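Counting begins at 1 with the first residue of the sequence. In this text the structure is predicted, and so the values were computed from the model without any measurement. Remember, it's 1-based here, ligands and their atoms both numbered in the order they're listed.
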Amino acid sequence: MTDNELVNVSGIKPSGAKIKVRVPGTSANCGPGFDCIGLACSVYNDLELMLLREPKLIVETVGEGADSIPTDEKNIVWRSIKTLLDRTKFGAEFKGAVIKMENHIPMSRGLGSSAAAIVAGLKAANAIVGSPFNRQELLQLATDIEGHPDNVAPALLGGFTVSVVNYGKVQTLSFLPKITMNFVLAVPDFPLPTWQARQVLPKEVPMKDAIFNISRASMLVAALIKGKERFFKNVFDDALHQPYRKGLIPGLREAIEAARKAGAIGAALSGAGPSVIAFTIEKQHIANDVASAMTQAFSSKGVNARSMILKLDTRGAHII
Ligand code: HSE
């Protein structure tokens with residue numbers, strides 16, 4: 001086997017073996033499904049990984065975040081690789097890596113860039129050492145690293161996902177909806193770290209707000225599975241996180257309203273923000289209208305935003 005050949009999972013290859021993994025971006029919460037509902041979308045990061053026996057780390061990034069991604073042991077792809085290796089005998093064998101990333105997922109914008117990095121690292125390292133962990137175990141590892149499953153689950157599995165964490169153990173169902181949607185993203189030009197967007201959340205919420213979200217999250221999943229367009233009205237609304245986060249994102253309320261007026265069936269903060277995701281059905285021209293309505297709404301509040309029109313990714317992380 002030469003250095004350029006992909007690793008055969010049946011044959012563990014020492015340093016020199018390379019593997020390439022593609023991971024989709026994700027949008028968590030989808031409005032009411034805070035920390036439990038997510039979707040994978042058609043924007044991708046690629047990771048090429050080579051493990052090294054010597055304690056040396058080489059990180060090269062092109063594309064999104066190329067100037068800001070740490071190249072030392074703080075690098076999240078490396079930390080995920082290390083977490084996986086240290087749970088096997090290979091932790092003692094492989095002490096370094098060459099990590100090459102080609103990133104298209106905007107960073108710290110609510111599109112799952114950190115989840116993609118974690119899943120990419122785990123998926124690639126696992127394949128190189130002969131796949132000792134199955135998908136459920138990778139999901140658990142990724143959830144433990146990220147702290148919540150709603151981005152890592154769709155990044156790994158594709159489709160829409162619903163996750164439950166029971167005493168630390170994660171369970172996820174991924175499914176494809178019976179309706180074809182476009183996801184229209186308005187991506188502001190400022191980053192919002194998730195920890196900061198979580199700091200503004202209350203420790204407790206009123207019962208009526210919990211009921212508001214539970215009913216909408218349940219209806220959202222049912223409407224997706226049944227493909228019933230008329231049931232999507234209001235299902236992307238939220239009372240648990242967006243009201244508390246709007247102070248961090250000028251133009252959030254205006255962008256959501258503008259998306260609806262331009263023909264979206266709903267819109268919400270994408271993950272912890274600052275991006276807004278709008279959902280449109282079928283016709284491309286509606287998606288285009290929604291994209292410009294949202295960027296104009298942000299602009300009216302002094303925020304520059306770019307737009308992306310994406311589809312559902314149905315595959316999740318895979319080796320290429
Ligand atoms: N559910 C998470 C949040 C997603 O809204 O904080 C961000 O990673």
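Ring orientation note: the planes of Phe160 and Phe175 are close to parallel, at an angle under 30° on the 30°/60° scale. Below 30°, between 30° and 60°, or above 60°: for Phe183 and Phe279 the angle between ring planes is above 60°, a perpendicular geometry.
Counting heavy atoms under 4.0 Å from ligand 1, residue Asp150 touches it through the side chain alone. Using a 4.0 Å cut-off between heavy atoms, Arg245 contacts ligand 1 through its side chain alone, with no backbone atom that close.
Heavy-atom contacts of His148 reach the following atoms of ligand 1: 2 (C), 4 (C), 7 (C), 8 (O) (cutoff under 4.0 Å). Near Ala272, with a cut-off below 4.0 Å to any heavy atom, the atoms of ligand 1 are 5 (O), 6 (O), 7 (C). Close contacts between ligand 1 and Gly271 involve ligand atoms 5 (O) [criterion: under 4.0 Å to a heavy atom]. Interface of Asn29 with ligand 1, defined as ligand atoms under 4.0 Å from a residue heavy atom, comprises 1 (N), 3 (C), 5 (O). Heavy-atom contacts of Asn151 reach the following atoms of ligand 1: 4 (C), 7 (C), 8 (O) (cutoff under 4.0 Å). Every atom of ligand 1 is numbered from 1 in the order shown, and the set under 4.0 Å from a heavy atom of Asp35 is 1 (N), 2 (C), 3 (C).
Summarising the local packing, CD of Gln171 is surrounded by 12 or fewer heavy atoms from other residues, nucleotides or ligands at distances under 6.0 Å. More than 12 heavy atoms of other residues, nucleotides or ligands shown are found within 6.0 angstrom of CD on Gln196.
We find that Arg260 and Asp237 are joined by a salt bridge, their nearest charged nitrogen and carboxylate oxygen being less than 4.0 Å apart.
When all heavy atoms of His241 and Gly271 are compared, the pair lying nearest together is CE1-O, 4.2 Å.
In this structure, Arg198 is part of the shell of residues with a heavy atom less than 4.0 angstrom from ligand 1.
Each of Asn151, Val170, Asp150, Ile118 was compared with Thr143 under the side-chain contact (heavy atoms from CB on, under 4.5 Å) criterion, and only Val170 meets it.
Checking only distances, Glu146 never comes within under 3.5 Å of ligand 1, N or O to N or O.
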